[in-house]
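Order of the sequence lines fixes the chain letters, A, B, ..., with proteins taken first and strands second; residue numbering starts at 1 for each chain. These numbers come from a predicted model, not from an experiment.
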Protein chains: 2
Amino acid sequence: MSDLLERLRERGWRLTAQRRVVAEVLDGDHVHLTADEVHARAIERLPEISRATVYNTLGEMVTIGEVIEVATDGRAKRYDPNAHRPHQHLVCFRCGTVRDVHPHGDPLAALPPAERFGFTVSAAEVTYRGLCPDCS
Amino acid sequence: MSDLLERLRERGWRLTAQRRVVAEVLDGDHVHLTADEVHARAIERLPEISRATVYNTLGEMVTIGEVIEVATDGRAKRYDPNAHRPHQHLVCFRCGTVRDVHPHGDPLAALPPAERFGFTVSAAEVTYRGLCPDCS
DNA sequence: TCTTGACTTAGACAAAGTCCAGGGTACGAT
DNA sequence: ATCGTACCCTGGACTTTGTCTAAGTCAAGA
């Protein structure tokens, strides 16, 4: 988190109260908030922060690779601060809860050359779906 | 396609010009249109068809499992008529082109029980990303 | 052919996200 | 410590994507 802010600064970015709050709100494990959820929590600490700033700041964090954008449901994008090590996501059908998971093996390896159609394939995102314990 | 319309009829659904046109527009391999793209093409054949009807019809087709909803980019959902056999998607970073691909092995198998957090996991969607030949 | 309930339409509405002009401020320079 | 300026933030308008509703229309069985 202050780690994140430090990296922002190294990029010559100005450290503002707004950016600090967004980074703090997003900190933690298994955090997958939407932009509006981030905004709502940020307002508790900094009442005058605007939606546009939250969107801008999240976008900047995604650009430098400190935060990952996750589209689990075709609705609002979610923001995942766990960009340190590669992982995938497990989503509940009913309540939408998201967990980070670590499958073994490289998902890219399962795609044979003949199925790549000349693409230079460089990433694979896996979304596992099921019912969480609370929703069973 | 007429196959699809036949199934709709078996479910007691009325066969209308609008539904026929939506099914025709969506027919084919590697077709991944957004709802608005479907609407634009449907209008060429049936100028008075409304957006609401296109959304309704696509939703119905998804409900009966004849069409799959794909969220490749966090923007508009895309509709994939290839619901016959399981497959995954390969998306170009730059132009957004989508291809159906068939990785080998079951992606579910890569998720160990210890990584399931008590979920009843029943599906895995994989999105491969890379640059298509035209965009390289 | 008639009837009827399901389908379609246009447009209002909602949710998620982007853009802009103008005021505010972090930070290097002095 | 203060200043100047380039960059940041704000509020609100706007866009895109999708949903909902009331009223009119029509497919299909009787």
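- Of the residues near DNA chain D, R75(B) and G12(A), the one whose nearest nucleotide (by heavy atom distance) lies more toward the 5' end is G12(A).
- Look at Q18(A) and you'll find a side-chain N or O under 4.0 angstrom from OP1 or OP2 of dT10(D).
- Heavy atoms only, all atoms of each residue included: R19(A) and R14(A) are closest at NH1-O, 2.9 Å.
- Cluster membership for V38(B) and V70(B), using ILVMFWY side-chain heavy atoms within less than 4.5 angstrom, is not shared.
- By the rule that hydrophobic residues join a cluster once side-chain heavy atoms approach within less than 4.5 Å of another member, V22(B) and L46(B) end up as members of one cluster.
- The CD-C1' distance, from E69(A) to dA16(C), rounds to 12 Å in whole Å.
- One atom, CG of L8(A), and another, P of dC7(D), lie 16 Å apart when rounded to the nearest Å.
- For the residue pair R99(A) and H30(A), a side-chain donor N or O sits within less than 3.5 Å of a side-chain acceptor on the partner.
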Base-contact (B) and sugar-phosphate-only (S) positions in nucleotides 24-30 of chain C, heavy-atom cut-off under 4.0 Å, - elsewhere: BBBS---
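- Listed by chain and number, the residues in a ring pair (Phe, Tyr, Trp, His ring centres under 6.0 Å) with H87(A) are H89(A) (sequence neighbours excluded).
- Counting to the nearest Å, the C1' atom of dG18(D) and the CG atom of D73(A) are 13 Å from each other.
- Protein atom NZ of K77(B) is 13 Å distant from nucleotide atom C1' of dA16(C), rounded to whole Å.
- Remark on the helix from dT1(C)-dA30(D) to dT30(C)-dA1(D): inter-end axis angle 30°, axes from five-pair C1' superpositions, rounded to 10°.
- Rounded to an integer number of Å, the gap from CZ of R20(A) to P of dC9(D) is 12 Å.
- In this structure, D36(A) atom CG and dG17(C) atom C1' are separated by 9 Å, rounded to whole Å.
- Annotation for F117(A): hydrophobic cluster partners, listed by chain and number, are L90(A), V101(A), L108(A), L111(A), F119(A), V121(A), V126(A), Y128(A), L90(B), V101(B), L108(B), L111(B), F117(B), F119(B), V121(B), V126(B), Y128(B) (ILVMFWY side-chain heavy atoms under 4.5 Å, direct or chained).
- Within the 4.5 Å cutoff, the side chain of T72(A) has no heavy atoms near those of the K77(A) side chain.
- A 4.5 Å side-chain heavy-atom check between V67(A) and L26(A) finds at least one atom pair inside the cut-off.
- In the hydrophobic clustering of this structure, I64(B) groups with L58(B); members are Ile, Leu, Val, Met, Phe, Trp, Tyr whose side-chain heavy atoms approach within less than 4.5 Å, directly or through other members.
- The hydrophobic cluster containing L131(A), built from Ile/Leu/Val/Met/Phe/Trp/Tyr side-chain heavy atoms closer than 4.5 Å, also comprises F93(A).
- Cluster membership check: V25(B) shares its hydrophobic cluster with I43(B), using side-chain heavy-atom separations under 4.5 Å among Ile, Leu, Val, Met, Phe, Trp and Tyr.
- Look at CZ on R11(A): it is 15 Å from P on dC7(D), rounded to the nearest Å.
- Residues of residues 47-60 of chain B that place a heavy atom closer than 4.0 Å to DNA chain C, in numerical order, are E48(B), I49(B), S50(B), A52(B), T53(B).
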